[in-house]
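Working notes for the structure below.
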Amino acid sequence: MPGARPGGRKTGPAFVVAGVAGCLVGLVAGCFRWCLEQADGLRGSVVEAAAGLGAVGRLVPVVLTAVGAAVACLIAQRVPHAAGSGIQHVEAVWRQESEGRPLPLLPAKFTGGLIAIGSGLVLGREGPIVHMGAAIGVLAGRRTRLDAEDARLLHTALGGAGLAAAFTAPLGGLLFVCEEVTRTIRPRLVLLTLVGTVTAVVCCRLIVGRGPEFPVPGLAAPPVWVLPAFLLFGMTAGVLGAAYSALVVRTLEACDRLPRVPLPVRAAVIGAVVGALMAVDPLLAGGGDPLSERLVAGGSMTVAALAAYLAVRFVAGPLSYAAATPGGLFAPLLALGALWGALVHALVSPLLPVQAAAPASFAVVGMAALFTGVVRAPLTGIVLVVEMTGSTTLLAPLLIACFGAAVTADLLRSEPIYDRLRRRMANHP
């Protein structure tokens, strides 16, 4: 019978629910992204105005980010699993190690994430959007009385739709579900995710517009003889990714050793540190999209500036994540990868013939390679970056660099970051 599963139950309702719920995910993601854009603009105006007040004005970003971090932490404290990225919780629900609680999670993730990221913490929008998408999925499954297995599939599928809407990357959202969350390919899950990601991206575009996130001017494919250089580059990204993963976890563990310090106070102190960085240079704070966009577009920076941005954001990202506010890891990782790529190109370009590879090529490849070194999902990283930049001419360097990053991180025995965070979540409910 068409539209029925082998067990005799109809399959159609689940796909209809996935489509309608995907639209809702896209609208929520679009509103969240729009609000973040307004918050970023407002924060930039405040920091610019404060800079004209002299020494006293430098305290304004410090207070702004400290208060924002503390308030976001207070919001997250009231709802289990609202702090942090949320992707580890989506994975735990898939593995039936935890349960989804969508009603309190949605407003906490939206409001807390907006305040935390909007105030300048070095966090990404994708974590809250993935978590909200998954919450909408499980809520839709329960409200429409789908069976337990379909509700579980819908939870995971719409988490992928959230990632797709966060970065305008529908295929990236699908691969994220298969490669990172479930680590399996199930036809029904793939179809549900396809429906959810497409509808989510379409509806999100109604609010935030269309086109790649970081449009890249036409980049020529590097010559074949340059490809071994991208393998070596990917290996360095694997080392950097392993170090970044370790720093994220160790920063969280260091904060655990301060049980007498209330979480909102800890968040405020971390926010004050990030705010002080923002007073020095706004590009040192925030998710990092302006940096990524500038570097993949071929913008030039001195070696000293690239090294400084890389070093500061390398530490500021894990520190911001330890503030226990809603916020993700992906966007800061992409910025860090672009910085690493641009820095490596600046250092090795004297050894390469002219026009061997553009700086933007290394920045684009660096985004995917560092993502792979940390998350250990190379296909997701490659497709995500290609969809975000619209650059299909770099597929060979991307594949080679991500291979090098994944193998190197494995050789260093660096566990994928979300596996470590999921285990930590189980030990710190």
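Values reported hereafter were calculated over all heavy atoms of this structure, with side chains retained and with hydrogens, waters and symmetry mates removed. Because the structure is predicted, anything quoted here is derived from the model rather than measured.
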Inset, instruction - Answer yes or no: does atom CE of M301 have more than 12 heavy-atom neighbours from other residues, nucleotides or ligands under 6.0 Å? - result: yes

Legend entry - Note, Y321 side chain near P332 side chain (heavy atom, < 4.5 Å): no

Legend entry - Salt bridge present between E213 and R33 (N-O < 4.0 angstrom): yes

Inset, instruction - Say whether, by atom type as modelled, one donor and one acceptor occur between the side chain of T182 and the main chain of V177 under 3.5 angstrom. - result: yes

Inset, instruction - For the pair H89 (side chain) and E99 (backbone), establish whether a donor and an acceptor sit closer than 3.5 Å, ignoring hydrogens and angles. - result: yes

Inset, instruction - Would you indicate whether R143, at its atom CZ, is surrounded by more than 12 heavy atoms from other residues, nucleotides or ligands within a distance under 6.0 Å? - result: no

Legend entry - Side-chain donor or acceptor of R125 paired with backbone N/O of L114 under 3.5 Å: no

Inset, instruction - Please report the closest heavy-atom contact between L370 and A237, naming both atoms and the distance. - result: CD1-O, 3.6 Å

Inset, instruction - Would you sort out whether L283 and R294 count as a side chain to side chain contact (heavy atoms under 4.5 Å, CB included), showing the intermediate values? - result: CA-CA 11 Å; L283 289 178; R294 178 175 174 178; 4.0 Å; yes

Legend entry - Donor-acceptor side-chain pairing of T380 and E179 below 3.5 angstrom: yes

Legend entry - Heavy-atom donor-acceptor pair, E126 side chain to L329 backbone, under 3.5 Å: yes

Legend entry - Check: R313 side chain, G286 main-chain N or O, donor-acceptor pair, under 3.5 Å: yes

Inset, instruction - May I ask you to decide if the ring planes of F314 and Y244 are parallel, tilted or perpendicular, using 30° and 60° as cut-offs? - result: perpendicular

Legend entry - Any donor-acceptor N/O pair, E387 side chain to G172 backbone, under 3.5 Å: yes

Inset, instruction - Indicate yes or no: does R376 engage D419 in a salt bridge with an N to O separation below 4.0 Å. - result: no

Inset, instruction - Give a yes or no on this: more than 12 heavy atoms of other residues, nucleotides or ligands lie within 6.0 Å of atom CZ of R58. - result: no

Inset, instruction - Answer yes or no: are there more than 12 heavy-atom neighbours, outside E37 itself, under 6.0 Å from its atom CD? - result: yes

Legend entry - Greater than 12 external heavy atoms within 6.0 Å of R95's CZ: yes

Inset, instruction - Look up atom OG1 in T156 and atom CG in L192, then write down how far apart they are to the nearest 0.5 Å. - result: 10.0 Å

Legend entry - Close side-chain approach of L394 to L219, heavy-atom, < 4.5 Å: yes

Legend entry - Polar side-chain atom of T111 near backbone of A108 as donor-acceptor pair, under 3.5 Å: no

Inset, instruction - Answer yes or no: does atom CD of Q38 have more than 12 heavy-atom neighbours from other residues, nucleotides or ligands under 6.0 Å? - result: yes

Inset, instruction - Give me the ring orientation class for F330 and F167: parallel if the planes are under 30° apart, tilted from 30 to 60°, perpendicular past 60°. - result: parallel

Legend entry - Check: A405 main-chain N/O paired with T408 side-chain donor or acceptor under 3.5 Å: no

Legend entry - Exam field: side chain R142 to backbone A151, donor-acceptor pair closer than 3.5 Å: no

